[in-house]
Engineer: 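Handing you this structure, nothing more for now.
What you see is a predicted model; the values in this text were computed from it and never measured.
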Amino acid sequence: GRQLWLEGIGTLERSLGVPRGHVGCGGILKANGRAPRRIVTLAGEVGLSRRRHRCGACGAEVVPLDALLGLEPRAQHTTGVRERALFLVTELSYAKTARTLDELRSIGVSHGQLHAWVKEEGALIEADVVARTEAVLGAHPERGSTGRMPGDVWVSADGTMVNDRRSGTHMEVKLGLVFTGTERIGKHRRALTDRHLVGATGSWTTFAERFTAACAALGVYEAERILFVSDGAAAIRWSRERSFPDAIELLDWYHLSEQLRFGVGRQHEEVLSTALGAAMPGDVDALLAILRSHARAVERDDPEQALRCRGVIGYVTNNRRGI
């Protein structure tokens with residue numbers, strides 16, 4: 001692999017010809033011998049001897065082969081190596097990524113180097129997201145129609161707490177999912193496909209703006225129907241009201257049933273069964289009546305359970321539309 005790499009590099013360099021003028025200042029370039037350089041490729045570490053030229057006007061050094069290959073100054077690893085390392089980092093820890101690269105490709109990448117690459121790539125992604133959001137929601141928006149999207153688009157949003165090593169505390173990561181396709185996986189079942197993901201660690205306002213911009217670029221707002229699924233949290237309802245006011249809101253069954261178990265109490269099996277039976281077809285009025293009656297019934301003997309039940313009454317009331 002290394003031999004093929006070197007032969008390919010030699011062919012590329014010979015095809016470049018001799019540069020005449022420096023694009024920076026227009027000065028004349030003169031040959032300045034060859035310069036060695038070692039880089040780490042997917043085939044392992046290779047040594048290069050590249051032609052270099054010096055500008056007679058400004059003294060800048062030009063290495064045509066580096067420019068052709070996209071090799072940044074002092075960078076020791078090719079883009080291919082960095083791409084695969086960053087892919088592994090999204091699936092594994094930094095330490096496991098370093099060990100995996102060494103085991104599979106004999107590529108030596110340190111824990112600190114991985115951190116540096118993630119920081120660099122993260123800054124590029126952040127700048128791209130900000131630019132795309134500004135293009136849709138900024139002072140001079142570009143909102144050209146992407147064409148009517150047939151069928152349904154499924155949208156979901158959620159937040160999850162993760163450890164912030166820098167501060168030693170936790171931070172909330174906001175995630176938005178968009179599924180623009182489906183496929184049949186059984187006689188009566190379909191799977192959602194064509195997933196797109198938007199994430200943010202800032203405020204819910206920032207997340208809502210970025211999610212809106214991403215959905216606009218995907219053509220989500222041109223769909224026949226948008227179905228918005230969530231756990232009914234206040235911040236997510238706020239985001240849906242602003243970004244997807246016309247969507248069909250759906251409170252997911254898992255969180256609703258868990259809230260009912262929490263509010264009714266697992267020891268009250270008969271009441272819980274009745275509440276779940278009212279919730280399944282979306283009969284909110286019946287469900288609220290059951291919960292209010294239960295809160296009154298347990299008030300004297302179990303005031304804490306009554307308090308939890310009233311909290312769930314508020315949750316059901318706020319999520320009436322989704323239920």
Engineer: Nearest 0.5 angstrom please: L175 CG to S156 OG, how far?
Structural biologist: 9.5 Å
Engineer: Return the CZ to CZ distance between R308 and F262, rounded to the nearest 0.5 Å.
Structural biologist: 5.5 Å
Engineer: Return yes when atom CD of E269 has more than 12 non-hydrogen atoms of other residues, nucleotides or ligands closer than 6.0 Å, and no otherwise.
Structural biologist: no
Engineer: Sequence neighbours excluded and cut-off under 3.5 Å, please list the side-chain donor-acceptor pairs for residues 234-248, or say none.
Structural biologist:
from, atom 1, to, atom 2, distance (Å)
R237, NH1, G232, O, 2.8
S239, OG, A235, O, 3.1
R240, NE, E249, OE1, 3.2
R240, NH1, F244, O, 3.2
R242, NH1, W238, O, 3.2
S243, OG, T212, OG1, 2.7
S243, OG, S239, O, 3.4

Engineer: Under 4.0 Å between a side-chain nitrogen and a carboxylate oxygen: does that hold for R296 and E299?
Structural biologist: no
Engineer: Specify whether F207 and W204 have parallel, tilted or perpendicular ring planes, treating 30° as the upper limit for parallel and 60° as the lower limit for perpendicular.
Structural biologist: perpendicular
Engineer: Between K96 and E91, does at least one N-O distance fall below 4.0 Å, as a salt bridge requires?
Structural biologist: no
Engineer: Could you measure the distance from the SG atom of C309 to the CD atom of E304? Nearest 0.5 Å is fine.
Structural biologist: 14.0 Å
Engineer: Check this for me: does any side-chain nitrogen of one of E126 and K119 sit under 4.0 Å from a carboxylate oxygen of the other?
Structural biologist: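 Looking at K119 together with E126, the answer is no, because their closest N to O distance does not fall below 4.0 Å.
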Engineer: Quick one: side chains of residues 40-47, donor-acceptor pairs under 3.5 Å with protein atoms, not counting sequence neighbours, listed by atom name and distance.
Structural biologist:
from, atom 1, to, atom 2, distance (Å)
T41, OG1, A43, N, 3.0
T41, OG1, G44, N, 3.4
T41, OG1, G44, O, 2.8
E45, OE2, R38, NE, 2.7
E45, OE2, R38, NH2, 3.3

Engineer: Just how far is it from atom NE2 of H77 to atom CG of L101, taken to the nearest 0.5 Å?
Structural biologist: 8.5 Å
Engineer: Within the supplied structure, the quantity of interest is the number of heavy atoms (other residues, nucleotides, ligands) at a distance under 6.0 Å from Q76 CD; does it exceed 12?
Structural biologist: no
Engineer: So, for T193 and T182, which heavy atoms are closest and what is the spacing to 0.1 Å?
Structural biologist: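 Heavy atoms of T193 and T182 come nearest at OG1-N, 3.3 Å.
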Engineer: Whether R37 and D66 form a salt bridge (side-chain N of Lys/Arg under 4.0 Å from carboxylate O of Asp/Glu) is what I want to check.
Structural biologist: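 Yes, this pair counts.
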Engineer: If we count only N and O atoms by modelled type, under 3.5 Å, do the side chains of T97 and T100 hold a donor and an acceptor together?
Structural biologist: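 T100 and T97 do not have a side-chain donor-acceptor pair below 3.5 Å.
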Engineer: Is it true that E258 and R266 make a salt bridge, defined as a side-chain N closer than 4.0 Å to a carboxylate O?
Structural biologist: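 Answer for the salt bridge query: yes.
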Engineer: Measure across T133 and A213 and return the closest heavy-atom pair with its distance rounded to 0.1 Å.
Structural biologist: CA-CB, 3.6 Å
